[in-house]
Amino acid sequence: VGGAIGWFVIGHVNAGLGWVFTRFNRLFDWITRGYGWAVGKLFRVSVVVLVVYVGLLGLTFWQVESAPIGFIPEQDQGYVLVNVQLPDSASVQRTEEVMAQIDKIAHGLPGVAHTVGISGESFLLNTNGSNLGSMFVVLKPFDERQGNAEYDETIAKELQSRCAREVEGAVVAVFRTPPIRGVGNAGGFQLQTEEHGYVDLDELQSMTDALVKRANANPSFAGVFTLYRAYTPQLFVNIDRTKAESLQVPLQDVFNTLQEIGR
């Protein structure tokens, strides 16, 4: 009985496998004939095939060279950042006047919705100073900015150009925002200059200024600047702590008063 059942089952299995392999062999033979026909035709036009192949290699090389090489390409984030730097020790009042002038220029550009400016602080450099200022130029929603003139890169370049022509007594740098919010304060990169051994601050200033000048002369860079200043005027206040205590004047009040005067 077992042998009869096995003979019956194996017969159907062999029939099914035979049907599958027969059609597989037909398909394989059809592909082989088609491949042979195509190769034969291509041999007759081998020069054309070689030209097309070389052209595809050239197109691949051009695409690789022209594609953005940054880890993450910059994108329109809907706002740009403006960093303002007046001469060292300039008052906050002077900084506010310059910020108001930049605000007026920004509102005259197409695609700009509104601005938020703060005097006395640089978000880009993460530092405070009476001669520093920061401004966020917020653009209109994306569906309202259709033309190239309203693209954030175009707006940043136009704002940078107009500030360079119209704003006097301040260094204004306009930056696109980073492609990922929270990773850096602006698009681009930063570097540092160092002088080893005997440090001559005046020489370091000259070298840094020369580096910034050469970088701005290169069309690959834009808005290169430095915060380093070797000639910043300073005042030293020697507080008579003993006399302040004898007059029952808290030192913290003295420091707060000096801070308010500095503003």
Side-chain angles (χ1 to χ4, degrees), residues 79-107 114-138 156 159-178 181-195 199-216 221-239 251-263:
Y79 67 98
V80 297
L81 176 64
V82 181
N83 188 79
V84 181
Q85 183 176 351
L86 275 72
D88 300 322
S89 300
S91 65
V92 176
Q93 289 74 15
R94 288 180 58 188
T95 305
E96 290 178 346
E97 293 176 359
V98 172
M99 296 290 289
Q101 187 178 0
I102 298 174
D103 180 83
K104 183 178 180 180
I105 295 174
H107 278 92
H114 55 272
T115 61
V116 179
I118 299 178
S119 301
E121 182 176 2
S122 174
F123 292 142
L124 181 66
L125 304 173
N126 292 322
T127 185
N128 298 329
S130 60
N131 63 320
L132 301 176
S134 297
M135 179 178 293
F136 291 96
V137 180
V138 183
L159 181 58
Q160 179 75 72
S161 177
R162 289 195 56 181
C163 288
R165 296 194 310 266
E166 302 177 21
V167 177
E168 298 181 356
V171 177
V172 181
V174 185
F175 300 90
R176 300 177 68 187
T177 50
R181 297 185 180 182
V183 181
N185 294 328
F189 63 93
Q190 65 179 15
L191 54 88
Q192 295 179 344
T193 55
E194 294 183 358
E195 186 176 6
V199 179
D200 187 337
L201 299 181
D202 294 341
E203 182 181 0
L204 181 60
Q205 180 71 68
S206 300
M207 295 172 60
T208 304
D209 293 340
L211 177 62
V212 171
K213 184 177 180 180
R214 291 186 60 182
N216 282 315
F221 303 104
V224 181
F225 73 102
T226 177
L227 185 65
Y228 176 67
R229 293 290 185 273
Y231 316 112
T232 303
Q234 299 180 0
L235 295 176
F236 175 76
V237 179
N238 187 12
I239 301 175
L251 288 177
Q252 186 62 43
D253 292 347
V254 177
F255 295 143
N256 292 338
T257 303
L258 290 175
Q259 185 175 7
E260 291 297 329
I261 294 176
R263 293 180 181 178

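Since the model is a prediction, treat every value here as computed from it, not as a measurement.
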Quick one: are [X] and [Y] in side-chain contact, heavy atoms under 4.5 Å?
{"X": "Y79", "Y": "T177", "answer": "yes"}
{"X": "T95", "Y": "L132", "answer": "no"}
{"X": "V172", "Y": "I102", "answer": "yes"}

With a 3.5 Å distance limit and no angle check, can you tell me whether [X] reaches the backbone of [Y] through a side-chain donor-acceptor pair?
{"X": "T115", "Y": "D103", "value": "no"}
{"X": "S119", "Y": "V92", "value": "no"}
{"X": "Q160", "Y": "V174", "value": "yes"}
{"X": "N131", "Y": "A90", "value": "no"}
{"X": "N256", "Y": "Q252", "value": "yes"}

Could you pull out the closest heavy-atom pair between [X] and [Y], with the gap in Å?
{"X": "H114", "Y": "H107", "value": "CA-NE2, 3.7 Å"}
{"X": "A170", "Y": "L86", "value": "CB-CD1, 3.8 Å"}
{"X": "S134", "Y": "N83", "value": "OG-OD1, 4.4 Å"}
{"X": "M135", "Y": "M99", "value": "CE-O, 3.4 Å"}
{"X": "G169", "Y": "R94", "value": "O-NH2, 4.5 Å"}

For this session: Show your reasoning for whether side-chain contact (heavy atoms from CB on, under 4.5 Å) applies to V167 and I105.
Result: CA-CA 10 Å; V167 177; I105 295 174; 4.0 Å; yes

For this session: Just do the side-chain contact (heavy atoms from CB on, under 4.5 Å) check on I118 and F123 with the steps written out, would you?
Result: CA-CA 9 Å; I118 299 178; F123 292 142; 3.3 Å; yes

Exercise. Got a sec, which residues hit salt bridge (charged side-chain N to carboxylate O under 4.0 Å, His left out) with E166, two or more places apart in sequence or on another chain?
Worked result: R162

Problem set entry | Contacts of F255 that satisfy ring pair (Phe, Tyr, Trp, His ring centres under 6.0 Å) - sequence neighbours left out | none

